[in-house]
Amino acid sequence: EVQLVESGGGSVQSGGSLRLSCVVSGYNFSGACMSWFRQAPGKEREGVATINGGGTAPNYADSVKGRFTISRNNAKNTLSLEMTNLQPEDTAMYYCAASGSYSGGPACRSTRGMHYWGKGTQVTVSS
């Protein structure tokens with residue numbers, strides 16, 4: 001059974017930092033792209049950051065560019081998201097996702113390109 005388990009969420013003040021982690025089990029994801037998505041109440045799930053199978057090509061949503069850093073460790077089956085200068089608009093449930101088909105490219109920035117999902121970790125930023 002494939003499992004993705006996120007951790008590291010929490011409550012911080014504006015300008016603060018958090019590091020999210022995702023541990024994958026039951027799946028060899030070394031060749032697949034992985035992504036972080038987020039969903040705020042009443043809004044659609046949106047892509048935050050994605051990284052290709054080799055970990056050499058990260059890609060970010062404009063809203064987080066320069067503040068968030070995605071990374072992966074294929075040997076440890078982990079995905080991370082370092083978030084700095086957090087703002088209230090970053091408040092959302094954050095989800096780790098892995099593709100079963102794509103190693104990289106635009107599909108990895110879409111929910112439709114992802115096949116495996118974690119249950120999410122909540123990030124709350126207060127002003």
Side-chain angles (χ1 to χ4, degrees):
E1 180 187 3
V2 178
Q3 285 192 320
L4 285 71
V5 180
E6 304 96 335
S7 63
S11 297
V12 297
Q13 291 191 328
S14 181
S17 300
L18 285 172
R19 181 180 178 88
L20 305 184
S21 296
C22 174
V23 179
V24 181
S25 60
Y27 178 62
N28 181 2
F29 80 133
S30 60
C33 63
M34 293 197 69
S35 306
W36 286 97
F37 290 79
R38 67 186 181 187
Q39 187 166 19
K43 294 188 176 182
E44 290 188 357
R45 192 168 297 190
E46 63 172 354
V48 174
T50 185
I51 191 165
N52 65 329
T56 57
N59 188 276
Y60 302 94
D62 287 343
S63 59
V64 307
K65 205 169 289 185
R67 300 188 297 123
F68 290 10
T69 302
I70 188 172
S71 61
R72 65 189 293 167
N73 185 325
N74 287 345
K76 295 183 177 180
N77 276 8
T78 58
L79 179 73
S80 299
L81 185 69
E82 188 76 36
M83 305 185 295
T84 63
N85 192 22
L86 283 161
Q87 300 299 314
E89 53 265 35
D90 295 316
T91 294
M93 185 73 78
Y94 283 70
Y95 298 91
C96 169
S99 177
S101 301
Y102 304 104
S103 60
C108 301
R109 298 194 286 270
S110 168
T111 57
R112 288 171 292 181
M114 299 292 109
H115 302 90
Y116 305 103
W117 292 86
K119 294 184 178 180
T121 185
Q122 177 68 39
V123 171
T124 303
V125 185
S126 58
S127 57

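Here the structure is a predicted model, which means the values were calculated and not measured. One is the number of the first residue; the rest follow in order along the sequence. Basis for what follows: all heavy atoms, side chains included, without hydrogens, waters or symmetry-related copies.
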ring-ring contact (aromatic ring centres under 6.0 Å, His included) against Phe37, all qualifying residues, sequence neighbours excluded: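 ring-ring contact (aromatic ring centres under 6.0 Å, His included) list for Phe37, sorted by chain: Trp117.
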Arg38/Glu46 salt bridge by N-O under 4.0 Å criterion: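 Salt bridge between Glu46 and Arg38, a charged N being under 4.0 Å from a carboxylate O: yes.
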Non-neighbouring partners of Asn74 that pass side chain to side chain donor-acceptor pair (under 3.5 Å), sequence neighbours left out: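 With sequence neighbours excluded, Asn74 shows a side chain to side chain donor-acceptor pair (under 3.5 Å) to Arg72, given in chain and number order.
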Heavy-atom check, side chain of Tyr60 versus side chain of Arg67, under 4.5 Å: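 Tyr60 does not reach Arg67 side chain to side chain.
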Min side-chain heavy-atom separation Asn59-Arg109 under 4.5 Å: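 They are in side-chain contact.
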Trace of the side chain to side chain contact (heavy atoms under 4.5 Å, CB included) decision for Val123 with Met83: CA-CA 10 Å; Val123 171; Met83 305 185 295; 3.8 Å; yes
Grab the two heavy atoms, one from [X] and one from [Y], that are nearest each other, plus how far apart they are.
X: Gly9; Y: Thr121; value: N-OG1, 3.1 Å
X: Thr91; Y: Ala40; value: O-CB, 3.7 Å
X: Tyr116; Y: Gly100; value: CE1-CA, 4.1 Å
X: His115; Y: Ser101; value: CE1-OG, 3.4 Å
X: Leu81; Y: Trp36; value: CB-NE1, 3.5 Å
X: Ser99; Y: Ala32; value: O-CB, 3.1 Å

Same apolar cluster: [X] and [Y], side chain cutoff 4.5 Å:
X: Val24; Y: Tyr95; result: no
X: Val5; Y: Phe29; result: no
X: Met114; Y: Ile51; result: no

For residues 12-23, which side-chain donor-acceptor pairs fall under 3.5 Å, sequence neighbours excluded?
residue : atom : partner : partner atom : Å
Ser14   : OG   : Gln87   : OE1          : 3.2
Arg19   : NH1  : Glu82   : OE1          : 2.7
Arg19   : NH2  : Ser80   : OG           : 3.4

Interatomic spacing from [atom1] in [X] to [atom2] in [Y] - rounded to 0.5 Å:
X: Glu89; Y: Ser127; atom1: CD; atom2: OG; value: 10.0 Å
X: Asn52; Y: Ser35; atom1: CG; atom2: OG; value: 10.5 Å
X: Thr50; Y: Ile70; atom1: OG1; atom2: CD1; value: 5.5 Å
X: Met34; Y: Thr78; atom1: CE; atom2: OG1; value: 9.0 Å
X: Met93; Y: Lys119; atom1: CE; atom2: NZ; value: 11.5 Å

Lys65 NZ: over 12 foreign heavy atoms closer than 6.0 Å: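 Yes, NZ of Lys65 has more than 12 neighbouring heavy atoms, counting only those of other groups under 6.0 Å.
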Residues, nucleotides or ligands: over 12 heavy atoms within 6.0 Å of Tyr102 OH: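 Incorrect, the count does not exceed 12.
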Backbone of Ala107 reached by a side-chain donor or acceptor of Ser110 within 3.5 Å: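 No.
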